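Bear in mind that the values here come from a model prediction, so they are computed numbers and not experimental data.
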2 protein chains.
Amino acid sequence: MQEALYDELIESSTGADFDSFAGAERAMNVTDQSPLTRKLMVFAAMSETELGVLERLHRRRRSFVAGQDLVHQGQTEQAAYILAKGWVCSYKLQPDGTRQIVDVQIPGDFLGLRSVLLRTSDHSFEPITEIEAAEVLAGDLLEALANTPRLATAILWAVSRDEAMVVEHLVGIGRRDADARMAHFLLELGSRLALVGMAGKDGYDCPLTQYHLADILGLTAVHVNRVLRQLRESGMVTFRDGRVAFHDHDRLVELAEFDPAYLDQTGPLLK
Amino acid sequence: MQEALYDELIESSTGADFDSFAGAERAMNVTDQSPLTRKLMVFAAMSETELGVLERLHRRRRSFVAGQDLVHQGQTEQAAYILAKGWVCSYKLQPDGTRQIVDVQIPGDFLGLRSVLLRTSDHSFEPITEIEAAEVLAGDLLEALANTPRLATAILWAVSRDEAMVVEHLVGIGRRDADARMAHFLLELGSRLALVGMAGKDGYDCPLTQYHLADILGLTAVHVNRVLRQLRESGMVTFRDGRVAFHDHDRLVELAEFDPAYLDQTGPLLK
DNA sequence: CGGGGGGTTGATGGACATCAACATCTGTGG
DNA sequence: CCACAGATGTTGATGTCCATCAACCCCCCG
């Protein structure tokens with residue numbers, strides 16, 4: 001049975017048997033769909049059954065205010081979250097007081113998925129804005145994965161994409177200068193937001209402060225300011241008043257050496 | 001059934017039923033054990049059955065010469081490797097020719113585990129020395145995980161540890177200066193090697209060149225040389241002729257702000 | 001009206017890169 | 001056996017990117 005599940009995952013079965021569930025759930029209007037659903041549908045078409053399962057995972061809504069940390073307690077708190085609205089970042093604090101933001105989560109992203117499976121690292125989560133998230137109990141998640149392999153595949157893709165982003169982040173900090181790092185980050189964020197309908201080719205709204213950018217990119221806020229100025233004055237991007245506006249997308253891509261291959265995974269799923 | 005497996009993983013069952021297999025495999029002498037076995041046994045005692053399964057995963061031995069890349073082709077090549085002997089690094093090349101090493105694998109580590117589940121990132125693997133690795137077919141791996149939940153838990157711990165190391169690496173490059181970065185890396189490596197019996201408290205053998213260190217730490221080889229000199233002259237570590245020798249372990253830990261918590265995960269497994 | 005969060009700009013210094021030269025050691029072919 | 005090339009390591013001189021320190025701005029909100 002475990003092997004059968006694996007075959008589903010790898011081969012992305014051509015004809016799974018969903019008949020028994022057919023019609024049990026209503027098709028949703030596109031505008032009703034959660035960001036996660038929008039994102040996953042880019043990777044794989046979903047049956048109504050699968051959409052229903054996804055929708056049921058969103059049932060337990062919770063809200064959190066900005067700024068107050070959501071530290072994931074492991075052990076007792078065996079739940080993950082699907083971010084529905086708002087922005088979050090996961091970071092790690094150094095003994096000397098500096099912090100490094102490891103990743104930024106936007107609507108449609110998972111939060112603490114790994115912490116459900118294993119109580120892992122000691123990083124914290126800070127809501128950047130007020131957020132709404134669906135709490136997903138471990139049991140519900142695993143049941144969903146076991147019963148809808150196609151959904152499981154899509155979620156695995158999402159997780160692997162997150163990992164690829166962390167690696168890309170590492171490369172950026174290690175081997176790109178400040179300008180390229182900033183450009184790369186703004187472009188990556190744009191691609192991610194576009195996937196959930198929160199960005200156009202011209203730009204997007206972005207609640208991050210320059211301090212956030214500094215902690216993401218491994219710079220100081222002062223230098224972030226200068227970098228942003230230079231990008232603005234050279235006519236490539238403007239970051240101002242919570243809005244990122246691309247003026248010369250192509251030149252920006254060139255500066256950042258941005259290759260979105262690791263984001264637009266076109267793999268087995270689409271077979 | 002899926003939920004039962006999950007309970008095993010989280011609760012680390014107190015009395016799983018192994019009777020039907022008891023005695024099917026011979027107990028191995030400690031010196032016979034593979035590095036992976038040694039590592040996993042730190043996290044959880046293994047029954048003879050589990051040791052047998054582990055041993056069977058090591059059957060398909062393959063060797064590779066140093067320097068010639070093991071690029072993981074995804075798709076067709078649905079296999080992972082357990083590194084038995086030698087050192088490997090996984091890296092990512094930039095368009096401008098610089099490279100960033102994401103991680104170093106030592107005996108007992110998995111190679112391309114994620115690539116089995118999903119064809120992920122585009123990083124490559126370079127054997128640093130001549131290596132021996134056991135090829136693990138996807139099917140065998142999943143079967144082993146499904147049949148021996150305690151082993152599955154242990155492997156999940158290993159994977160999560162790898163992820164935590166990448167995050168720690170990111171933080172280091174973003175927020176530590178060259179000296180601390182180097183000290184941290186050498187200490188981390190020491191801890192990892194000690195877990196598979198390849199390091200003592202006084203030091204360990206290390207085939208990395210200063211160029212490798214540079215690509216790992218996001219520095220230039222020239223600067224790596226200076227940093228090493230300074231660490232040597234201040235009496236903390238010597239890196240020379242393929243040997244890392246700790247002279248003042250405590251002071252090094254202090255300089256690196258090295259907190260091995262993320263390596264020595266003492267969690268549910270030990271309950 | 002005061003205070004705080006965010007942003008902007010200048011002056012200065014330090015950490016690290018870059019360039020360049022040279023030392024060792026290994027292997028290789030004449 | 002020697003000459004030579006290539007990989008690795010070592011050290012100095014110089015420059016640059018970015019951090020640090022220090023003002024000062026605007027705007028919002030109590």
Side-chain angles (χ1 to χ4, degrees), chain A residues 65-68 87 89 94 96-100 126-130 172-183 185 205-234 237-244 255, chain B residues 65-68 87 89 94 96-100 126-130 172-185 205-234 237-245 255:
Chain A
V65 299
Q68 196 172 323
W87 295 47
C89 69
Q94 294 290 100
D96 65 4
T98 60
R99 78 167 178 174
Q100 178 66 49
E126 176 199 315
I128 291 170
T129 65
E130 187 178 338
I173 290 185
R175 291 297 182 201
R176 275 192 273 265
D177 66 17
D179 292 12
R181 237 179 282 175
M182 176 69 75
F185 175 73
D205 292 328
C206 173
L208 299 172
T209 66
Q210 295 186 354
Y211 290 89
H212 285 123
L213 290 175
D215 285 344
I216 291 165
L217 302 174
L219 302 170
T220 58
V222 171
H223 199 61
V224 162
N225 185 291
R226 293 191 223 278
V227 167
L228 288 176
R229 170 154 56 124
Q230 194 192 312
L231 290 178
R232 189 186 334 121
E233 289 177 351
S234 61
V237 224
T238 300
F239 181 101
R240 199 189 273 283
D241 301 326
R243 174 91 196 158
V244 174
L255 170 65
Chain B
V65 300
Q68 196 172 320
W87 295 46
C89 69
Q94 294 290 100
D96 65 4
T98 60
R99 78 166 179 176
Q100 177 66 49
E126 176 198 316
I128 291 171
T129 65
E130 188 178 338
I173 290 184
R175 293 296 182 201
R176 274 192 275 265
D177 66 18
D179 292 12
R181 239 181 280 176
M182 177 68 76
H184 194 278
F185 175 72
D205 291 328
C206 173
L208 298 173
T209 67
Q210 294 185 356
Y211 290 89
H212 285 123
L213 290 175
D215 285 343
I216 291 166
L217 302 174
L219 302 170
T220 58
V222 171
H223 199 62
V224 161
N225 185 289
R226 294 192 222 279
V227 167
L228 288 175
R229 170 157 53 127
Q230 194 192 310
L231 290 178
R232 189 186 336 121
E233 288 177 352
S234 61
V237 225
T238 300
F239 181 102
R240 200 189 272 282
D241 301 327
R243 174 90 195 160
V244 174
L255 169 66

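For the segment residues 207-214 of chain A, the set of residues with a heavy atom within less than 4.0 Å of an atom of DNA chain C comprises Thr209(A), Gln210(A), in numerical order. Within residues 222-233 of chain A, the residues having any heavy atom closer than 4.0 Å to DNA chain D are, in order of number, Val222(A), His223(A), Arg226(A).
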Worksheet entry | Sequence-aligned protein contact record of nucleotides 23-30 of chain D, with B where the base is within under 4.0 Å of a protein heavy atom and S where only the sugar-phosphate is | --------

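Residues Met182(A) and Val237(A) form no side-chain contact, since every pair of their non-hydrogen atoms from C-beta on lies 4.5 Å or further apart.
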Restricting to nitrogen or oxygen on both sides, can you table the protein-nucleotides 21-28 of chain C pairs closer than 3.5 Å?
none

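Residues passing the salt bridge (charged side-chain N to carboxylate O under 4.0 Å, His left out) test with Asp177(A), sequence neighbours excluded: none. Residues passing the side-chain hydrogen bond (donor to acceptor under 3.5 Å, both in side chains) test with Arg99(B) are Glu126(B), Asp215(B), sequence neighbours excluded. Evaluation of the side chain to side chain contact (heavy atoms under 4.5 Å, CB included) rule for Asp96(A) yields Gln94(A), Thr98(A), Glu257(B) as partners, not counting sequence neighbours. Residues satisfying the side chain to side chain contact (heavy atoms under 4.5 Å, CB included) criterion with Thr209(B), sequence neighbours excluded, are Tyr211(B), His212(B).
If you take CG of Asp179(B) and P of dA15(C), they are 9 Å apart, rounded to a whole angstrom. At whole-Å resolution of the value, CG in Leu219(B) and P in dT16(D) are 20 Å apart. To the nearest angstrom, C1' of dA19(D) lies 18 Å from CZ of Arg176(B).
Scanning both residues, Leu208(A) and Phe239(A), for their nearest heavy atoms gives O-CZ, 3.3 Å. Closest approach of Val244(B) to Cys206(B), counting heavy atoms only: CG2-CB, 3.9 Å.
Panel note: side chain Arg181(A), backbone Arg176(A); a donor-acceptor pair is recorded below 3.5 Å. Between the side chain of Thr129(B) and the backbone N or O of Trp87(B) there is at least one donor-acceptor pair closer than 3.5 Å. Judged by distance alone, the side chain of Arg175(B) and the main-chain N or O of Leu219(A) form a donor-acceptor pair under 3.5 Å.
For DNA chain C, runs of at least 3 consecutive pairs of the Watson-Crick or G-U wobble type, with both hydrogen-bonding distances under 3.5 angstrom, map to C:1-30 with D:1-30.
The environment of Glu233(A) atom CD is dense: over 12 non-hydrogen atoms of other residues, nucleotides or ligands sit within 6.0 angstrom.
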Counting only pairs under 3.5 Å, give me each side-chain donor-acceptor contact of residues 220-230 of chain A, with atom names and distances, residues two or more places apart or in other chains.
unit_1, atom_1, unit_2, atom_2, d
Thr220(A), OG1, His223(A), N, 3.3
Asn225(A), ND2, Gln210(A), OE1, 3.1
Gln230(A), NE2, Asp179(A), OD2, 3.0

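A sub-4.0 Å separation between OP1 or OP2 of dT8(D) and a side-chain N or O of Arg240(B) is absent.
If you take CG on Leu217(A) and CZ on Phe185(A), they are separated by 6.5 Å, rounding to the nearest 0.5 Å.
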